[in-house]
Amino acid sequence: MRLVARGLGVRHASRRAWALTGVDLVVEPGERLLLTGASGAGKSTLLAALAGILEAEGTEVTGELTVDGGPPRAARGRLGLLAQDPDSQLVMTRAGDDVAFGLENAGLPPEVIWPRVDEALAAVGFPYGRDRATQALSGGEKQRLVLAGALARRPGLLLLDEPTAQLDPDGAALVRTAVARATPGRTATVVVVDHDAEPWLPLVDRVVEVTPDGLVQHGPGWRPLPRTAGLRLPPGPDGTVLLAAQAAGFTYRGSSAPALSPSTTALRGGRVLAVTGRNGTGKSTLALLLAGLRAPTSGRVTASADLTGAVRTGSDEPHRWRAGELVSRIGTVFQHPEQQFLTGRLRDELAVGPLRSGRQAAAARATADELLERLGLSAFADANPYTLSGGQQRRLSVATALATSPQVLVLDEPTFGQDAATWRELVTLLAEQRAQGRAVAVVTHDADLVEVLADHRLALGPP
């Protein structure tokens, strides 16, 4: 399928600034294109325009954009799309049914559908059978499942937004291979958005960078600069244990297998713990237990006297603390940051925690403005958090965790969706928290983050 954009401009509803301006791009049938660019540059917006889904959002579009000579919405039946948030694309309760959904809508007979479903699930390395409940999947497993659904349709246009961002290294490599194998003979045009550009270079024909001034074409010899180059981070003091998990495990009600096998670890002031492991091993579940947002179904998570202080419940188990007590002691970033936003403006979002923990309004506003500036979000202070890009939402969620100056930080994939500059700023900010004696736990597949920041590592295995 041939893609043509001439003077394309996009402005989202309720936003004054244009997300894209003056975009000129031609992608020939069968070509594989990698889109890079700064967080918030408009990469996901360009994919949404190509997918023909901007009209439903009330977005203003100017210029010309065609897919195979017609409007993008007319080509939706030949489209495979993996959006940045896989949860938004899951429609069925069982994995096999979800992959089959698009094929059934296309009117294919069952004898064609189910072999395609099994083939697509195998191609992306989905570790379960067709009957696996979609609600029981980890974020990375959901990402694979949605990709399987896109590949099963054998689309003429495949649009992938950060398809490996939540995957372990082996899973990410498998996905890249699956994308290449699913388009034999260049039967589909492929457009990929990914901040981790290097691994895609052998598989794509061109790299195009989205900038505020338009698109920049990169030649065959282009390589991204290492984001860790020259990075110098302050060390942290060797503090005391603030939070500990003793054989803490979790099993969802009605499930025969644990989401998290019994795990033991400790968070120490002035130290960073990296929680790593394959998708589905319970990393995000452990983060929820450490953050006091879930009670373990086996074992315990306990806080030291230094962290507990004078909580009204008198308990050393964070899941028993009141919301205001918890937010001032443990700052949390969810795997999906949009799940923790509570207000309609960034500035208000950053004031929620400080106000709940007892700060005065003026102090809460000052904290909000400082964090917005530090993380490059000041221009969006009055914007709705849900209008931000995925990378910007991630930075906002980290800022909300820091806003109450908690002694413990539990962050799930804090560097997701970041370009090199914002990645460095986030990592530096976290190192500063460590230097101030705070305990930090990061759940991550980001090998660079582990290398430059982690003092200890907990690698989870299969449950």
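Annotation: Arg278, atom CZ; neighbour count of heavy atoms from other residues, nucleotides and ligands within 6.0 Å does not exceed 12. In this structure, Leu225 places its CG atom where only 12 or fewer heavy-atom neighbours from other residues, nucleotides or ligands lie under 6.0 Å away. Residue Glu373 places its CD atom among 12 or fewer non-hydrogen atoms of other residues, nucleotides or ligands, all under 6.0 Å distant. The number of heavy-atom neighbours closer than 6.0 Å to CD of Glu370, taken from other residues, nucleotides and ligands shown, is 12 or below. Heavy atoms of other residues, nucleotides or ligands lying less than 6.0 angstrom from CZ of Arg223 number more than 12.
Checking Arg394 against Gln418 by side-chain atom types alone, no donor-acceptor pair falls below 3.5 Å. Between the side chains of Asp98 and Thr134, no donor-acceptor pair is found at a separation under 3.5 Å. Side-chain contact of Asp448 with Trp423: a donor-acceptor pair under 3.5 Å is absent, judged by distance alone. Under 3.5 Å, the side chains of Thr276 and Arg457 contain a donor-acceptor pair of N or O atoms.
A salt bridge is absent between Asp419 and Lys43; no separation between the charged side-chain nitrogens and carboxylate oxygens falls under 4.0 Å. Under the 4.0 Å criterion applied to side-chain N and carboxylate O atoms, Arg434 and Asp455 are assigned as salt-bridge partners. Using a cutoff of 4.0 Å between basic side-chain nitrogens and carboxylate oxygens, Glu64 and Arg6 are not scored as salt-bridged. Taking the charged nitrogens against the carboxylate oxygens, Arg345 and Asp382 do have a contact shorter than 4.0 Å, which makes a salt bridge. Using a cutoff of 4.0 Å between basic side-chain nitrogens and carboxylate oxygens, Asp412 and Lys283 are not scored as salt-bridged. Salt bridge Glu119/Arg154: present, at least one basic N to carboxylate O contact under 4.0 Å.
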Checking side chain to side chain contact (heavy atoms under 4.5 Å, CB included) for the pair Val427/Arg227: CA distance, chi angles, key distance, verdict? CA-CA 11 Å; Val427 171; Arg227 55 187 180 179; over 6 Å; no

Please test Asp205 against Glu28 for side chain to side chain contact (heavy atoms under 4.5 Å, CB included), starting from the C-alpha separation and ending with a verdict. CA-CA 11 Å; Asp205 303 305; Glu28 298 296 343; over 6 Å; no

Side chain to side chain contact (heavy atoms under 4.5 Å, CB included), that's the test. Do Arg153 and Leu103 meet it? Break it down for me. CA-CA 6 Å; Arg153 300 179 68 182; Leu103 303 178; 4.2 Å; yes

Let me see the working for Val207 and Thr36 under side chain to side chain contact (heavy atoms under 4.5 Å, CB included), right down to the final yes or no. CA-CA 7 Å; Val207 178; Thr36 68; 3.9 Å; yes

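With values rounded to the nearest 0.5 angstrom, Asn279 atom CG is found 6.0 Å from Glu141 atom CD. With values rounded to the nearest 0.5 angstrom, Leu430 atom CG is found 6.0 Å from Leu453 atom CG.
Ring-plane geometry between His218 and Trp222 is classed as parallel, the angle between the planes falling under 30 degrees on a 0 to 90 degree scale with a further cut at 60.
Leu215 places none of its side-chain heavy atoms less than 4.5 Å from the side chain of Asp24. Annotation: side chain of Leu233 is in contact with side chain of Thr428 (closest heavy-atom distance under 4.5 Å).
In this structure, Arg186 contributes its side chain and Gly30 its backbone to a donor-acceptor pair below 3.5 Å.
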